[in-house]
There are 2 protein chains.
Amino acid sequence: MGRPRQFDEQDAVTRATDLFWRRGYNATSVRDLGDELGLTPSSLYRTFTDKHTLFLRALDHYRATESVQAEQRLDTDGRPIRQVLRDWMLWLVTCPADGEPGRGCFVVNTATELGATDDQVRQRTEAAFDVTRQALRSLLCEGRRNGEPTTGLDLDAAVELLFTTVLGLRVRERAGHDPERLATAIDAVIGALGPMPAEPS
Amino acid sequence: MGRPRQFDEQDAVTRATDLFWRRGYNATSVRDLGDELGLTPSSLYRTFTDKHTLFLRALDHYRATESVQAEQRLDTDGRPIRQVLRDWMLWLVTCPADGEPGRGCFVVNTATELGATDDQVRQRTEAAFDVTRQALRSLLCEGRRNGEPTTGLDLDAAVELLFTTVLGLRVRERAGHDPERLATAIDAVIGALGPMPAEPS
DNA sequence: AACGTATGGGAGCGATCGCTCCCAAAAGAG
DNA sequence: CTCTTTTGGGAGCGATCGCTCCCATACGTT
């Protein structure tokens with residue numbers, strides 16, 4: 001009943017995510033959002049309550065799209081886990097560069113900007129981090145089952161090392177660092193998992 | 001000539017650094033700064049020109065104190081470089097916790113918040129990053145001269161890996177992650193440098 | 001066609017933003 | 001002392017902040 005919307009709510013959230021991702025929370029004004037989404041203030045507030053709620057929705061949208069896409073790429077299709085990890089990390093540091101480098105990871109950017117003060121945000125960023133850690137753990141477990149041991153590192157240590165490195169890579173991509181240098185770091189951390197096991201004959 | 005200041009300029013910069021460090025640039029208002037520094041707007045602007053200039057001074061002050069202190073701790077006093085690195089990284093993720101955890105690194109926080117848009121800021125954060133990388137490189141070189149090779153990794157790879165890991169650790173400290181988990185990541189990356197060489201008899 | 005309901009548009013709210021100006025107070029220079 | 005210079009204090013500038021309200025519009029319902 002009533003007059004239908006002239007805009008697509010999901011599309012609006014996507015655009016809002018894009019803007020928050022690039023500029024951060026505090027540097028993005030409601031008027032900026034209204035211009036970018038093509039919404040008047042009344043529509044924006046009736047639909048999304050307020051700026052903070054819209055930001056939380058943007059964060060959830062990011063987790064449901066970008067983050068999920070990232071974890072899908074951690075699925076082995078029978079490939080060696082070192083290759084999966086390498087391709088995944090290389091993709092992480094180049095995917096935001098498509099069209100526009102220096103965006104980094106929305107979750108990481110948000111955690112550093114608001115994580116220390118905003119509990120609702122912190123809860124979401126920590127959940128996103130946990131998902132990534134869990135995906136890494138699963139991958140390493142699968143590698144062990146398939147005879148690709150990570151020598152010299154127990155499971156916890158390998159997960160923490162990889163996860164920490166990924167956060168560092170995200171920051172460096174945001175900072176505009178040379179992708180080749182990031183690739184060097186990626187190869188180094190893959191090597192830290194131990195020598196590539198011999199191909200079964 | 002003229003009336004002398006009733007406040008210490010260096011002390012004011014220190015307090016401003018503290019506030020910018022905790023809240024970031026955009027979330028810190030000039031009135032917040034005035035209250036924290038005990039300065040009226042007129043004194044603040046006469047002394048520091050404007051908010052942005054004061055921020056740059058805060059960034060420089062941080063580099064001249066915290067960053068320099070960090071690089072001093074990378075000096076080997078004849079200790080094995082693995083021990084130096086380990087102690088250094090452990091200190092990095094616990095030093096901001098003295099009194100107040102979740103501050104992270106001012107340079108890293110700033111690079112993610114403003115690095116993509118503010119060239120003057122970017123220039124400073126990149127300079128700070130270069131200093132850290134150079135310090136790591138020097139340490140590794142010294143280790144090689146003293147018969148502590150970093151097996152399996154050439155110099156560039158080791159530097160990039162360590163530097164990236166440090167950025168990740170800084171983000172995680174800012175995010176309030178468990179220090180013990182960070183210690184696990186630290187031990188893992190130290191182990192990635194290769195086995196500890198045997199003690200010379 | 002008439003009604004009920006939610007929308008898009010926009011003026012504008014009080015508060016705060018970064019910043020400026022004016023003036024009395026305070027100390028060195030003569 | 002007087003003069004000069006710079007300070008601390010504070011009112012308040014125009015602009016923008018996040019947000020609210022009102023109303024004509026447009027669609028589903030009956």
For atom CG of B:D50 and atom P of C:dC17, their distance in whole Å
16 Å

Less than 4.5 Å apart, side chain to side chain, heavy atoms only: is that true for B:D130 and B:Q134?
no

Using a cut-off of 4.0 Å on non-hydrogen atoms, how would the nucleic acid contact of B:S29 be classed: base, sugar-phosphate, or nothing?
sugar-phosphate

Regarding A:R73 and the six-membered ring of A:W88, is the cationic atom NZ or CZ under 6.0 Å from the ring centre and inside 45° of its axis?
no

A:F55 CZ - D:dC19 P separation (whole Å)
14 Å

Quick one: label B:T47 by what it contacts on the DNA or RNA (base, sugar-phosphate, nothing), any heavy atom closer than 4.0 Å.
nothing

A:D35 atom CG is separated from C:dG10 atom P, nearest whole Å, by 12 Å

Any non-hydrogen side-chain atom of B:R86 less than 4.5 Å from a side-chain atom of B:I186?
yes

Measure CG/B:L33 against C1'/C:dT16 and give the value in whole Å, please.
15 Å

Under 3.5 Å, side chain of A:N109 to main-chain N/O of A:R103, donor-acceptor pair present?
yes

Looking at A:Y25, I'd like to know if the NZ or CZ of A:K51 sits under 6.0 Å from its six-membered ring centre while staying within 45 degrees of the ring's axis.
yes

Does some side-chain heavy atom of B:R181 sit less than 4.5 Å from a side-chain heavy atom of B:R172?
yes

Interatomic distance where CG belongs to B:N26 and C1' belongs to D:dC17 [whole Å]:
13 Å

When the distance from CG of B:L39 to P of D:dG9 is rounded to whole Å, what number comes out?
9 Å

Under 3.5 Å donor-acceptor pair, A:R31 side-chain atoms to D:dG18 base atoms:
yes

Nucleotide-resolved protein contact map, nucleotides 20-30 of chain D, B/S/- at heavy-atom distance under 4.0 Å
BB---BBBS--

Could you check how far CZ of B:R5 sits from C1' of C:dA27, rounded to whole Å?
14 Å

Among C:dC19, D:dG8, C:dG8, which nucleotide sits nearest the side chain of B:S43?
D:dG8

I need the CD-C1' distance between A:E9 and C:dT7, as an integer number of Å.
13 Å

Are the side chains of A:E66 and A:T17 in touch, meaning some heavy atoms are under 4.5 Å apart?
no

